Amino acid sequence: PIDDETMTEMFFHLRKKIIENDFEAYEVSNFAKKGFRSRHNTSYWKQEAYLGVGPSAHSYNIESRQWNVSSIKEYTKTINENKAYFEREILSVFDQYNDFVMVRLRTSDGLNLIEIEEKFGSEFKIYCLENIQSFITDKKVDFSNNVLSLTIEGIQISNLILTEIMKV
């Protein structure tokens with residue numbers, strides 16, 4: 001087994017080599033040549049609506065998530081019977097905020113506080129800024145031009161940072 005310190009060293013080495021070879025780290029675990037970011041994944045990080053077609057496919061429209069039944073047999077049967085073939089989860093404003101901060105903070109573009117305020121109101125913006133302040137002070141998060149971005153050290157503890165700014 002590899003210890004945490006070795007894993008951290010390997011991660012830093014990987015990122016260094018990726019950047020040396022003209023790749024960008026545009027999301028915590030995604031890399032691409034400049035101009036070749038995954039369009040599919042980028043729609044998730046930008047929280048754009050998408051429609052999934054077929055068994056097990058997922059859809060998202062900002063206000064809800066839905067997923068189709070996984071069985072091909074059941075999927076075609078329910079369509080032929082004109083019945084619902086999916087389950088749906090309606091997202092509360094807290095769910096929407098949590099999704100937004102989680103996907104945005106993971107990207108190199110960062111989490112824009114103005115967008116939080118526009119989408120969710122000043123209360124959510126203030127909550128986020130207050131709860132991330134210690135990570136800014138500790139240089140785990142960079143804060144400039146109203147955008148919060150994980151530093152290389154912050155990426156290592158991104159899940160901890162996210163739990164502090166999510167609302168339950």
Side-chain angles (χ1 to χ4, degrees), residues 24-32 37-79 81-168:
E24 64 172 327
Y26 66 96
E27 196 267 349
V28 166
S29 59
N30 286 273
F31 311 91
R37 292 180 178 187
S38 166
R39 282 187 249 160
H40 174 76
N41 290 348
T42 299
S43 67
Y44 298 142
W45 299 315
K46 289 186 175 183
Q47 292 207 293
E48 296 170 345
Y50 55 88
L51 176 65
V53 179
S56 295
H58 286 67
S59 301
Y60 175 73
N61 69 0
I62 313 304
E63 296 173 0
S64 70
R65 280 189 276 266
Q66 68 184 43
W67 50 97
N68 297 344
V69 297
S70 59
S71 163
I72 292 172
K73 191 176 194 175
E74 190 64 27
Y75 180 80
T76 54
K77 179 182 176 216
T78 55
I79 288 175
E81 294 174 356
N82 208 21
K83 294 181 182 175
Y85 52 88
F86 58 86
E87 292 182 52
R88 176 177 284 151
E89 172 189 18
I90 304 298
L91 302 173
S92 70
V93 69
F94 295 116
D95 294 331
Q96 292 174 35
Y97 165 82
N98 289 341
D99 284 355
F100 184 83
V101 298
M102 180 181 63
V103 296
R104 291 296 178 94
L105 191 60
R106 290 178 54 88
T107 68
S108 60
D109 296 333
L111 175 60
N112 189 315
L113 292 176
I114 293 170
E115 284 186 79
I116 290 177
E117 188 169 29
E118 288 171 352
K119 290 178 181 291
F120 306 103
S122 59
E123 172 190 317
F124 283 84
K125 175 187 170 186
I126 293 165
Y127 175 87
C128 180
L129 194 53
E130 286 176 352
N131 286 283
I132 207 165
Q133 194 61 51
S134 65
F135 298 106
I136 295 169
T137 302
D138 291 343
K139 302 200 182 316
K140 306 292 188 212
V141 173
D142 179 56
F143 180 45
S144 58
N145 298 322
N146 283 308
V147 176
L148 299 163
S149 302
L150 295 171
T151 64
I152 189 76
E153 295 80 13
I155 289 171
Q156 298 294 306
I157 60 165
S158 59
N159 287 341
L160 173 64
I161 295 169
L162 287 167
T163 60
E164 291 299 314
I165 63 172
M166 290 179 140
K167 281 185 151 281
V168 289

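Small disclaimer: the values here were computed from a predicted structure and weren't measured.
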request  = Report yes if the side chains of L111 and I165 come closer than 4.5 Å at any heavy-atom pair, otherwise no.
outcome  =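 Counting from C-beta outward, L111 and I165 do come under 4.5 Å.
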task = May I ask you to test the S158-L105 pair for a side-chain heavy-atom distance under 4.5 Å?
result =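 In short, these two side chains do not touch, never coming nearer than 4.5 Å.
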Roughly how far, to the nearest 0.5 Å, is [atom2] of [Y] from [atom1] of [X]?
X	Y	atom1	atom2	result
T137	Q133	OG1	CD	5.0 Å
Q66	I90	CD	CD1	9.0 Å
E118	K125	CD	NZ	10.0 Å
N61	L91	CG	CG	8.0 Å
T163	N98	OG1	CG	10.5 Å
H58	Y44	NE2	OH	9.0 Å

ask   = Which pairs pass salt bridge (charged side-chain N to carboxylate O under 4.0 Å, His left out) with one or both residues in residues 88-101, sequence neighbours excluded?
value = R65-E89, R65-D99
key: Whether Q47 side chain and I62 backbone form a donor-acceptor pair below 3.5 Å   = no
ask   = Step by step, would you call E123 with K167 a side-chain contact (heavy atoms from CB on, under 4.5 Å)?
value = CA-CA 11 Å; E123 172 190 317; K167 281 185 151 281; 3.9 Å; yes
side-chain contact (heavy atoms from CB on, under 4.5 Å) assessment of Y75 paired with N68 = CA-CA 7 Å; Y75 180 80; N68 297 344; 3.7 Å; yes
key: Pair R37 + E24, salt bridge at N-O below 4.0 Å   =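 So R37 pairs with E24 through a salt bridge.
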Scan the side chains in residues 143-152 for donor-acceptor partners under 3.5 Å anywhere in the protein, sequence neighbours excluded, and list what turns up.
| unit_1 | atom_1 | unit_2 | atom_2 | d |
| --- | --- | --- | --- | --- |
| S144 | OG | D142 | OD2 | 3.4 |
| T151 | OG1 | K139 | O | 2.9 |
| T151 | OG1 | K140 | O | 3.0 |
| T151 | OG1 | E153 | N | 3.4 |
| T151 | OG1 | E153 | OE1 | 3.4 |
| T151 | OG1 | G154 | N | 3.1 |

If you take all heavy atoms of [X] and [Y], which pair is closest and at what distance?
X	Y	answer
S108	A25	CB-O, 3.4 Å
N131	E164	CB-O, 3.1 Å
S70	P55	O-CB, 3.4 Å
V103	W45	CG2-O, 3.7 Å
A32	Y26	CB-CE2, 3.6 Å
E48	Y60	O-CD2, 3.9 Å

ask   = Does the pair E27 and T107 meet the rule for a side-chain contact (heavy atoms from CB on, under 4.5 Å), with working shown?
value = CA-CA 4 Å; E27 196 267 349; T107 68; 4.2 Å; yes
query = Which ring-ring contact (aromatic ring centres under 6.0 Å, His included) pairs, counting each pair once, include a residue from residues 107-140, with sequence neighbours left out?
reply = F94-F124, Y97-F120, Y97-F124, F100-F120, F120-F124
task = Report the C-alpha separation of E115 and R104 in whole Å, then their side-chain angles, then the decisive distance to 0.1 Å, and conclude whether the side-chain contact (heavy atoms from CB on, under 4.5 Å) test is met.
result = CA-CA 11 Å; E115 284 186 79; R104 291 296 178 94; 3.0 Å; yes
